[in-house]
**Student:** 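Here it is, the structure, as structure tokens.
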Amino acid sequence: MKVNQKQEQSAGEEHLEKLRHSASHIMAEVVQSMFPGARFGIGPTIENGFYYDFDLPRPLTPEDLPVIEAKMREIVKADVPFVRQEMTKEEARKLFASQPYKLELIDDIPDEKVSIYRQGSFVDLCRGPHVDSSGAISAFKLVSIAGAYWRGDEHRPMLQRIYGVAFESQTELEEHLKKLEEAAKRDHRKLGKELDLFSIHDEVGPGLVHWHPKGAAIRCAIEDFWKDEHFKRGYELVYTPHIARVDLWKTSGHWEFYREHLYSPMEVEGQEYIVKPMNCAFHIMMYKTHLHSYRDLPVRFAELGTVYRYELSGVLHGLSRVRGFTQDDAHIFCSFEQLESEVEGVLKLALFMIDTFGFTNYKIMLSTRPEKAAGALEIWDKATEILRRAMEHLHIDFSVDPGEGVFYGPKIDIKFEDAVGRAWQGPTIQVDFNLPQRFNVTYVGEDGQEHLVAMVHRTVLGSMERFLASIIEHYGGAFPVWLAPVQVAIIPVADRHLEYARKLEAGLRQERVRVAVDARSERMNLKIRQAQLDKVPYMLVIGDKEAASSEVSVRLRTGEQLPAQPFDTFKGKLGKVIMDRSKDLRL
RNA sequence: GCCAGCGUAGCUCAGUCGGCAGAGCAGCGCUUUCGUAAAGCGCGGGUCGGGGGUUCGAUUCCUCUCGCUGGCUCCA
């Protein structure tokens, strides 16, 4: 299990932690009383609450939760003290003789002595600390049950886990539950359906996304922007095939190291092909079509490349975890000397993207050499140092994830947070020592000799699918104007206003504004409501007045009403808001 | 893949302790032509996810399977 070392925390946090941990012990006590043969795994504190893993004679069902919760409240009410006791491992082994998981934990503790905590009839191996007595716990709720492998290992028994949340006060608990509700409202799967953005079909297969016109409009806006920004930074756009001979993937090493994510080969004229899981090998092929001088470097190939990877069915999730996705991929071929400035360039681009899309909180991680790794230690150290220097040079705060790099090189990952605090895996920058060697990717240096290139894999959004999921949730479906699938809804008050409405529509289309006329013989109120529900940023209500004066009456999706203005004035101001990619609707 | 739960109309959801399947919204038709968040009336619409079994009879019970949800694990 990976546990991040705790920094020193405030007294409040410490108390909250004790409280949550104590709640998990109380839950375990209840479970023990309900299931005398229960065996116990671990019951730690997590963000917002706690869990405990049990090995029980029967499966838990959701109906068990309120029962357990009620019994927990009795224990809280009884205000039972938590008592700490130290003992030798030998004594502990005797005490937990019938608890195989606890015995395993005892074996793994390096110290001679261990501590246990008792409350009521329940004893648990535990480092602590705990609250003094159960009365200190007031605001908690059991939220879900789940299966969890013992020690996260799929080859070991699956235990039953109960998750709970706990806070210092009832108010905070309720706030948290409200936040969850708010997050559920923004769920991209729900909004994707409501706003008609995308769909996934049983008939087609799980994890395979269909982008509806409105979702595609957002994606197209993102891609246009993405391409512009890459051209500005010296990238060249390429396109590559979707299938390739298995041999290519054998050379790249994917066949060997990545097999469980690859789809089975298909046979074509006696040759085996697979659908691509990555774009890099193709970019290498193109790079190698001619000899490169050091003067040509860096070469930056960018591609919105659609790849397919087999993922376990249980991990698929809306747009954020799928089986077919489009990476905003690029590969940079450069000399080792150029690596630092290239990495800097990518970092700047990535942060620019994050900022443009309106994300303000993000974390940057540097992942270093894992146990199993290709390439010499010395090169790893050098490359890791280069990544570090690039970030320091840009005054970027980052933390180090030791041993979390990919086998072929160190990497930088950026995780950003959306408006409700959910973290998303975004840009990644990976140095690769493996592929240049496997494919012999070289350039001719000043010395006239061939040198292996330094290769960087990078994406600045992640994938179009996952990125769309993040912005749907970030904006709760109310996209900034430049991304909104429909930017302007034109609402004729009565049928006789349709002609003028069509004229406005044509005028806006000329400027590539995404516009929709609601031409139904419905009341204006209904059309406004519809546009509101679709979160269209601007509504132009067109009646006799507007038709007579060539003006438009503008309603914002915020409900704000602007005074009537000449159509051209509106068009000009709208153009500027879109051009500026403004997050503010006001014209 | 594993554990638990779920799958009823395009959508959101009732319902049947085994006996002809329901609402709201959406759709279609007619009436209404309206000034900033839902006009009125009418009409269609379902092998109750799919296969097999038990039963006189299964949407309901059993079983297999597909999919979804929450986790475990993994990751763009």
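Proteins get letters first, then strands, A, B, ... in listed order; numbering begins at 1 in each. If you're wondering where the values come from, they're calculated on a predicted model, not measured in any experiment.
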**Student:** If you go through the side-chain atoms of A/Glu154, does one of them form a donor-acceptor pair with the base of B/U73 closer than 3.5 Å?
**Tutor:**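 Answer is no: no donor-acceptor pair is held.
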**Student:** What's A/Glu311 touching, base or sugar-phosphate or nothing? Going by heavy atoms closer than 4.0 Å.
**Tutor:** base
**Student:** Inspect the surroundings of NZ in A/Lys503 and state if more than 12 heavy atoms from other residues, nucleotides or ligands are less than 6.0 Å away.
**Tutor:** no
**Student:** What integer number of Å spans the P atoms of B/A4 and B/C62?
**Tutor:**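 It works out to 15 Å between them.
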**Student:** Could you tell me whether A/Glu203 contacts a base, only the sugar-phosphate backbone, or nothing, with contacts defined as non-hydrogen atoms closer than 4.0 Å?
**Tutor:** nothing
**Student:** For B/U12, take OP1 and OP2 only and decide whether either is under 4.0 Å from a side-chain N or O of A/Lys193.
**Tutor:** yes
**Student:** Treating A/Asp418 as the side-chain partner and A/Gly421 as the backbone partner, does any N or O pair qualify as donor plus acceptor under 3.5 Å?
**Tutor:**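 Yes, because the side chain of A/Asp418 sits within donor-acceptor range (under 3.5 Å) of the backbone of A/Gly421.
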**Student:** Can you measure A/His212 atom NE2 to B/G10 atom P for me and round it to whole angstrom units?
**Tutor:** 15 Å
**Student:** Evaluate the ring planes of A/Tyr408 and A/His457, with Trp represented by its six-membered ring, and classify them as parallel (under 30°), tilted (30 to 60°) or perpendicular (over 60°).
**Tutor:** tilted
**Student:** Which value, in whole Å, describes the distance between the P atoms of nucleotides B/G49 and B/G67?
**Tutor:**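 That atom pair is separated by 16 Å.
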**Student:** Send over the distance from A/Arg259 CZ to B/G1 C1', rounded to a whole Å.
**Tutor:**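 Between C1' of B/G1 and CZ of A/Arg259: 18 Å.
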**Student:** Between A/Tyr149 and A/Ile200, just flag the one whose closest nucleotide in RNA chain B comes earlier from the 5' side.
**Tutor:** A/Tyr149
**Student:** Does B/G35 have its OP1 or OP2 closer than 4.0 Å to a side-chain nitrogen or oxygen of A/Arg523?
**Tutor:**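 For B/G35, neither OP1 nor OP2 has a side-chain N or O of A/Arg523 closer than 4.0 Å.
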**Student:** At under 4.0 Å between heavy atoms, what does A/Leu526 touch on the DNA or RNA strands: base, sugar-phosphate, or nothing?
**Tutor:**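 Sugar-phosphate contact only - A/Leu526 comes under 4.0 Å of backbone atoms but never of a base.
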**Student:** Keeping A/His254 on the side-chain end and A/Trp249 on the backbone end, is there a donor-acceptor pair under 3.5 Å?
**Tutor:** no
**Student:** Among B/A37, B/G71, B/A4, find the nucleotide with the atom closest to the side chain of A/Pro62.
**Tutor:**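 When the side chain of A/Pro62 is considered, B/A4 is the closest of B/A37, B/G71, B/A4.
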**Student:** Just wondering, more than 12 heavy atoms not from A/Phe54 lying within 6.0 Å of its CZ?
**Tutor:** yes
**Student:** Would you kindly give the CG-to-C1' distance between A/Asp329 and B/A76, to the nearest whole Å?
**Tutor:** 9 Å
**Student:** For the side chain of A/Pro59, starting at C-beta, report the closest nucleotide among B/G35, B/A4, B/U33.
**Tutor:** B/A4
**Student:** Would you say the side chain of A/Arg161 and the base of B/C3 hold a donor-acceptor pair, judged only by whether the two atoms sit under 3.5 Å apart?
**Tutor:**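 Absent.
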**Student:** Name the one of A/Phe416, A/Phe359, A/Trp424 that satisfies ring pair (Phe, Tyr, Trp, His ring centres under 6.0 Å) with A/His474?
**Tutor:** A/Phe359
**Student:** OP1, OP2 of B/C72 versus side-chain N and O of A/Tyr163: anything below 4.0 Å?
**Tutor:**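 For B/C72, OP1/OP2 do have a side-chain N/O of A/Tyr163 under 4.0 Å.
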**Student:** Starting from P on B/A26, measure out to CG on A/Leu195 and report it in whole angstrom.
**Tutor:**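 Computing the A/Leu195:CG to B/A26:P distance gives 17 Å.
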**Student:** Taking B/G1 as the reference, what is the distance to B/G40 when you measure between their P atoms (whole Å, please)?
**Tutor:** 49 Å
**Student:** Nearest to the side chain of A/Asn525 - B/C34, B/G71, B/A38?
**Tutor:** B/A38
**Student:** Give a yes/no on whether any side-chain N or O of A/His317 is located under 4.0 angstrom from OP1 or OP2 of B/G70.
**Tutor:**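 For B/G70, OP1 or OP2 has a side-chain N or O of A/His317 closer than 4.0 Å.
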**Student:** Roughly how far apart, to the nearest Å, are B/C2 and B/C28 at atom P?
**Tutor:** 44 Å
**Student:** Can you find a donor-acceptor N/O pair under 3.5 angstrom joining the side chain of A/Gln561 to the base of B/G35?
**Tutor:** no
**Student:** Paired with B/C34 by Watson-Crick or G-U wobble geometry, both distances under 3.5 Å: which nucleotide is it?
**Tutor:**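 Base partner found: none.
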**Student:** With both distances under 3.5 Å as the test, what is the Watson-Crick or G-U wobble partner of B/G22?
**Tutor:** B/C13
**Student:** Take atom C1' in B/U8 and the same atom in B/U47, then report the distance between them in whole Å.
**Tutor:**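 To the nearest whole Å, 12 Å.
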**Student:** The side chain of A/Arg321 lies closest to which of these nucleotides: B/C74, B/A38, B/C72?
**Tutor:**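 Closest of the options to the side chain of A/Arg321: B/C74.
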**Student:** Tell me whether the OP1 or OP2 atom of B/G1 has a side-chain N or O from A/Ser313 closer than 4.0 Å.
**Tutor:**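 For B/G1, OP1 or OP2 has a side-chain N or O of A/Ser313 closer than 4.0 Å.
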**Student:** Does B/G1 have OP1 or OP2 under 4.0 Å away from a side-chain N or O of A/Tyr310?
**Tutor:** yes
**Student:** Side-chain N or O of A/Arg309 versus OP1/OP2 of B/C74: is the shortest distance under 4.0 Å?
**Tutor:** no
**Student:** Watson-Crick or G-U wobble partner for B/U55, using a 3.5 Å limit on both distances?
**Tutor:**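 For B/U55, the partner nucleotide comes out as none, under the 3.5 Å rule.
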**Student:** Going through the distances and angles, do A/Thr326 and A/Arg219 end up as a side-chain hydrogen bond (donor to acceptor under 3.5 Å, both in side chains)?
**Tutor:** CA-CA 11 Å; A/Thr326 300; A/Arg219 174 168 168 174; 3.1 Å; yes
**Student:** B/G35, OP1 or OP2 - any side-chain N/O from A/Arg555 closer than 4.0 Å?
**Tutor:** no
**Student:** For the P atoms, the ones on B/A9 and on B/A23, what distance do you get once it is rounded to whole angstrom?
**Tutor:** 14 Å
**Student:** Rounded to the Å, how far apart are A/Asp202 CG and B/U69 P?
**Tutor:**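 The answer, rounded to whole Å, is 11 Å.
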**Student:** Hey, does A/Glu522 reach any base, or is it just sugar-phosphate, or nothing, if we go heavy atoms under 4.0 Å?
**Tutor:** base
**Student:** How long is the line joining CG of A/Asp495 and C1' of B/C34, in whole Å?
**Tutor:** 10 Å
**Student:** In the strands shown, is B/C28 matched to any nucleotide by a Watson-Crick or G-U wobble pair with both distances under 3.5 Å, and which?
**Tutor:** B/G42
**Student:** Can you say whether a donor on the side chain of A/Arg466 sits under 3.5 Å from an acceptor on the base of B/C75, or the other way round?
**Tutor:**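 Between B/C75 and A/Arg466, which were checked side chain against base, a qualifying N/O pair under 3.5 Å is present.
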**Student:** Between B/G71 atom C1' and A/Leu312 atom CG, what is the distance in whole Å?
**Tutor:**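 Result: 14 Å.
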**Student:** In the strands shown, is B/C6 matched to any nucleotide by a Watson-Crick or G-U wobble pair with both distances under 3.5 Å, and which?
**Tutor:** B/G67
**Student:** Taking the same atom, C1', in B/G7 and in B/G50, what whole-Å distance lies between them?
**Tutor:**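 Here B/G7 and B/G50 have their C1' atoms 11 Å from each other.
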**Student:** Have a look at A/Arg189 and say if it touches a base, only the backbone sugar-phosphate, or nothing, with a 4.0 Å heavy-atom cut-off.
**Tutor:** sugar-phosphate
**Student:** Tell me the partner of B/C72, counting only Watson-Crick (N1-N3 plus N6-O4 or O6-N4) or G-U wobble (N1-O2 and O6-N3) with both under 3.5 Å; none if nothing fits.
**Tutor:** B/G1
**Student:** Of the listed nucleotides (B/G70, B/G5, B/U33), which one gets closest to any side-chain atom of A/Thr61?
**Tutor:** B/G5
**Student:** Using a heavy-atom cut-off of under 4.0 Å over every strand shown, decide if A/Thr326 touches base, sugar-phosphate, or nothing.
**Tutor:**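 Nothing, no heavy atom under 4.0 Å.
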**Student:** For a quick test of reading the model: is some side-chain N or O of A/Arg58 closer than 4.0 Å to OP1 or OP2 of B/C3?
**Tutor:** no
**Student:** Need one value for A/Val143: base, sugar-phosphate or nothing, where a base atom within 4.0 Å counts as base even if backbone is also close, heavy atoms only.
**Tutor:** nothing
**Student:** Is A/Lys571 atom NZ crowded by more than 12 heavy atoms from other residues, nucleotides or ligands, each under 6.0 Å away?
**Tutor:**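 Atom NZ in A/Lys571 is crowded, with more than 12 foreign heavy atoms closer than 6.0 Å.
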**Student:** Return the 5'-most residue of the pair A/Gly426, A/His497 with respect to RNA chain B, ranking by each residue's nearest nucleotide.
**Tutor:** A/His497
**Student:** Should A/Tyr52 and A/Tyr163 be marked as a ring pair (Phe, Tyr, Trp, His ring centres under 6.0 Å) after you check the CA-CA gap, both sets of side-chain angles, and the distance that decides it?
**Tutor:** CA-CA 7 Å; A/Tyr52 212 116; A/Tyr163 283 97; over 10 Å; no
**Student:** Figure out the CZ/C1' separation between A/Arg323 and B/C66, and round it to whole Å.
**Tutor:** 12 Å
**Student:** Scan A/Asp544 against the nucleic acid and name what it touches under 4.0 Å (heavy atoms): base, sugar-phosphate only, or nothing.
**Tutor:** base
**Student:** Taking the C1' atom in each of B/G18 and B/C74, what is the distance between them to the nearest angstrom?
**Tutor:**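 Here B/G18 and B/C74 have their C1' atoms 44 Å from each other.
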**Student:** Taking A/His230 as the fixed residue, which of A/Phe301, A/Tyr235, A/Phe352 is the one that meets the ring pair (Phe, Tyr, Trp, His ring centres under 6.0 Å) rule?
**Tutor:**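 Exactly one option meets the ring pair (Phe, Tyr, Trp, His ring centres under 6.0 Å) with A/His230, and it is A/Tyr235.
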